[in-house]
Q: 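My questions will all concern the structure given below.
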Amino acid sequence: RDDISNAFDDITYSKGAAVIGMFENWLGAETFRKGVHAYLAKYANRNATAADFLGSLSAASGKDVTKAFSSFLDKPGAPAVSVAMDCGSGAPSLRLAQERSLPIGSKGSASQVWSIPVCVRYGAAAGETECTLMTQARMRWALKAKSCPAWLDANAGAMGYYRVEYAGGMLAKLTSGDVVARLSAPERVDLIGNARAMAGEGKLPAAEALSLVPAFHADPERQVIQLILDLALSIRQDQVPKDLVPNHERFVRTNFLARARELGWNPKPGDSDDDRLLRPILLLAVATYGGDPELARQARELAEK
């Protein structure tokens with residue numbers, strides 16, 4: 001029975017959904033739908049395999065989906081793609097390199113190559129989106145842009161099942177200015193999670209990861225605030241010495257105290273579900289890790305009552 005439970009875990013459902021979504025995005029929703037329909041019609045009331053499903057997608061799209069998709073079925077882990085912008089002579093291009101994403105201290109081999117549908121969005125306002133299939137460890141990709149983009153999101157729509165390592169100040173450019181207007185909520189969630197993962201791999205300095213906190217601390221989406229709060233607190237236990245704890249408390253208060261006091265400990269009429277879910281998480285963090293005496297005093301009074 002344990003084997004049955006193991007077969008239907010987070011890898012099956014979460015990774016499975018993410019990889020399928022990535023390839024649907026690469027092929028286009030309508031083309032993907034035609035492939036799924038053809039598969040269901042052809043194999044109705046019959047046994048079928050993963051190869052049969054991927055073959056139907058390949059036939060519908062005219063692309064070799066089987067080889068690319070199978071690289072995610074057969075290889076362990078997840079890829080990390082480093083992205084560097086080259087704006088020298090001619091059209092701007094990206095220098096891409098991939099390896100297996102591994103945390104600091106892991107002895108696993110990083111030399112794996114997937115076939116990754118990489119989609120980027122760049123420019124101004126909504127930006128332009130381009131996609132390519134990265135099948136080698138390293139490649140150069142010429143963009144259609146006529147000039148060097150002001151910013152570039154290397155996982156457009158947050159649909160790609162890969163980590164991103166931004167080079168040459170690209171992360172700072174992506175998160176400067178009105179980042180809420182520039183990036184969708186899923187893209188902002190992905191960017192913060194990606195930064196924390198890259199810091200955990202030693203590929204992004206903790207200072208750069210923490211620099212995202214001021215950019216997202218007042219985000220309108222609860223999920224974004226929870227992630228950026230987790231990032232702000234992630235260094236406390238192992239990386240902040242006792243003599244610098246007051247500095248970290250001030251950092252937490254500077255970024256999250258205003259929103260915490262706005263929410264308050266007591267529910268208010270008209271609170272949204274997001275307000276109710278965020279309140280205990282945010283106020284607990286600011287009153288303890290942020291060391292705010294007023295919120296702590298209010299909490300004591302409520303507890304005593």
Side-chain angles (χ1 to χ4, degrees), residues 151 153 155 158 163-166 169-268 271-302:
W151 55 267
D153 179 6
N155 191 356
R163 299 293 189 189
V164 178
E165 179 185 0
Y166 290 97
M170 292 179 65
L171 181 60
K173 292 178 181 178
L174 178 60
T175 55
S176 64
D178 191 352
V179 67
V180 173
R182 179 179 303 148
L183 301 177
S184 67
E187 288 172 336
R188 302 197 302 275
V189 166
D190 176 72
L191 184 67
I192 297 167
N194 184 83
R196 186 166 181 181
M198 288 293 101
E201 293 186 26
K203 295 178 178 178
L204 181 69
E208 280 193 51
L210 290 175
S211 71
L212 298 180
V213 176
F216 293 102
H217 74 274
D219 197 277
E221 296 291 337
R222 171 182 59 84
Q223 293 89 342
V224 176
I225 293 181
Q226 286 185 215
L227 277 177
I228 204 65
L229 177 63
D230 286 344
L231 176 60
L233 301 180
S234 64
I235 63 167
R236 181 65 166 264
Q237 183 173 348
D238 300 319
Q239 294 175 269
V240 179
K242 289 184 179 180
D243 61 319
L244 292 182
V245 166
N247 291 17
H248 186 260
E249 289 178 341
R250 186 166 59 251
F251 177 71
V252 173
R253 292 195 305 272
T254 297
N255 287 286
F256 300 104
L257 178 59
R259 183 67 182 275
R261 288 187 174 175
E262 177 187 342
L263 286 173
W265 287 110
N266 293 307
K268 299 178 179 65
D271 273 349
S272 66
D273 290 341
D274 282 332
D275 287 340
R276 288 192 288 268
L277 290 168
L278 182 61
R279 177 176 287 112
I281 297 170
L282 184 61
L283 271 76
L284 173 64
V286 176
T288 54
Y289 295 106
D292 181 63
E294 178 60 21
L295 287 179
R297 181 191 64 77
Q298 294 172 10
R300 281 194 300 272
E301 288 183 357
L302 288 169

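Each residue takes its place number in the sequence, starting with 1.
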Q: Are Leu231 and Ser234 close enough that some pair of their side-chain heavy atoms sits under 4.5 Å apart?
A: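 Yes. Closest side-chain heavy atoms under 4.5 Å.
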Q: For a 4.5 angstrom cut-off between non-hydrogen side-chain atoms, does Lys268 reach Arg279?
A: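 Yes. Closest side-chain heavy atoms under 4.5 Å.
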Q: Roughly how far, to the nearest 0.5 Å, is the CD atom of Glu201 from the CD atom of Glu165?
A: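 Those atoms lie 8.0 Å apart.
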Q: Is the number of heavy atoms from other residues, nucleotides or ligands under 6.0 Å of Gln237 CD greater than 12?
A: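 Count not over threshold, so no.
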Q: Using a 4.5 Å cut-off on heavy atoms from C-beta on, say whether the side chain of Asn194 contacts that of Asn155.
A: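 Contact flag for Asn155/Asn194 side chains = no.
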Q: With a 6.0 Å cut-off (strictly less than), is the heavy-atom count around NZ of Lys173, excluding the residue itself, greater than 12?
A: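 Counting neighbours around NZ of Lys173, 12 or fewer heavy atoms of other residues, nucleotides or ligands fall under 6.0 Å, so no.
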Q: Salt bridge or not between Arg236 and Glu249? Use side-chain N to carboxylate O under 4.0 Å.
A: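 Yes, Arg236 and Glu249 are salt-bridged.
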Q: Do you know the tightest heavy-atom contact between Gly291 and Arg253?
A: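 Looking at all heavy atoms of both residues, the shortest contact is O-NH1, 4.1 Å.
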Q: State the CG-CD1 distance between Asp274 and Ile225, to the nearest 0.5 angstrom.
A: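 Going from CG on Asp274 over to CD1 on Ile225, the span is 9.0 Å.
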Q: Around atom CZ of Phe251, are there more than 12 heavy atoms from other residues, nucleotides or ligands closer than 6.0 Å?
A: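 Yes, enclosed.
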Q: What's the separation between atom CD1 in Ile281 and atom CD in Gln226, rounded to the nearest 0.5 Å?
A: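 One gets 3.5 Å once the value is rounded to the nearest 0.5 Å.
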Q: Just so I know, are the side chains of Thr254 and Arg250 near enough to count as touching, which here means a heavy-atom distance under 4.5 Å?
A: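 Sidechains of Arg250 and Thr254: in contact.
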Q: So which heavy atom on Asp153 is nearest to which on Tyr166, and how close?
A: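 Looking at all heavy atoms of both residues, the shortest contact is OD1-OH, 3.3 Å.
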Q: Which atom names give the shortest non-hydrogen contact between Ala285 and Leu233, and what distance separates them?
A: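 For Ala285 and Leu233, the tightest heavy-atom pair comes out as CB-CD1, 3.9 Å.
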Q: Looking at every heavy atom in both Ala215 and Val179, which two are closest together, and how far apart are they?
A: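 Where Ala215 meets Val179 most closely, the heavy atoms are O-CG1, 3.7 Å.
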Q: Is there side-chain contact between Glu208 and Met198, with heavy atoms separated by less than 4.5 Å?
A: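 A side-chain contact is absent here, since even the closest heavy-atom pair is not under 4.5 Å.
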Q: CG/Leu227 to CD/Glu221 distance, rounded to the nearest 0.5 angstrom?
A: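 Output value for this atom pair is 11.5 Å.
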Q: Would you compute the distance between atom CG of Leu302 and atom CD of Gln298 and round it to the nearest 0.5 angstrom?
A: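 The CD atom of Gln298 is 7.5 Å from CG of Leu302, to the nearest 0.5 Å.
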Q: Hey, does the side chain of His217 reach the backbone of Leu229 with a donor-acceptor pair shorter than 3.5 angstrom?
A: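 It does not hold such a pair.
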Q: Search all heavy atoms of Asp190 against all heavy atoms of Ala158 and return the closest pair with its distance.
A: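 Smallest interatomic distance, heavy atoms only, reads CB-CB, 3.6 Å.
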Q: Do the side chains of Leu257 and Leu295 get nearer than 4.5 Å, heavy atoms only?
A: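 Side chain of Leu295 against side chain of Leu257, heavy atoms only: contact under 4.5 Å found.
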Q: Just do the side chain to side chain contact (heavy atoms under 4.5 Å, CB included) check on Leu171 and Leu204 with the steps written out, would you?
A: CA-CA 10 Å; Leu171 181 60; Leu204 181 69; 4.1 Å; yes
Q: Quick one: does Arg188's side chain have a donor or acceptor within less than 3.5 Å of a partner on Gln223's backbone?
A: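 Flag not set: sc Arg188 to bb Gln223 has no pair under 3.5 Å.
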Q: Short question: side chain of Arg222, backbone of Asp275 - any donor-acceptor pair under 3.5 Å?
A: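 Not a single qualifying donor-acceptor pair exists.
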Q: Going through the checks in order, is the side chain to side chain contact (heavy atoms under 4.5 Å, CB included) test met by Asp230 and Ile192?
A: CA-CA 10 Å; Asp230 286 344; Ile192 297 167; over 6 Å; no
Q: Roughly how far apart are Ile228 CD1 and Asn255 CG, rounded to 0.5 Å?
A: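 Answer rounded to 0.5 Å: 8.5 Å.
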Q: Under the 3.5 angstrom rule, does the side chain of Asp271 hit a backbone N or O of Arg276 as a donor-acceptor pair?
A: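 Between the backbone of Arg276 and the side chain of Asp271 there is no qualifying donor-acceptor contact (under 3.5 Å).
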Q: Hey, does Leu174 have a side-chain heavy atom less than 4.5 Å from the side chain of Leu183?
A: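 With C-beta onward as the side chain, the pair touches.
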Q: Are the side chain of Arg196 and the backbone N or O of Ala209 linked by a donor-acceptor pair below 3.5 Å?
A: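 No; zero donor-acceptor contacts below 3.5 Å.
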Q: Evaluate the side-chain proximity of Asp292 to Phe256: yes if any heavy-atom separation is below 4.5 Å, no if none is.
A: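 No, their side chains stay 4.5 Å or more apart.
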Q: How close do Leu283 and Ala260 get, counting heavy atoms only, and between which atoms?
A: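 Taking Leu283 first and Ala260 second, the nearest heavy atoms are CD1-O, 3.4 Å.
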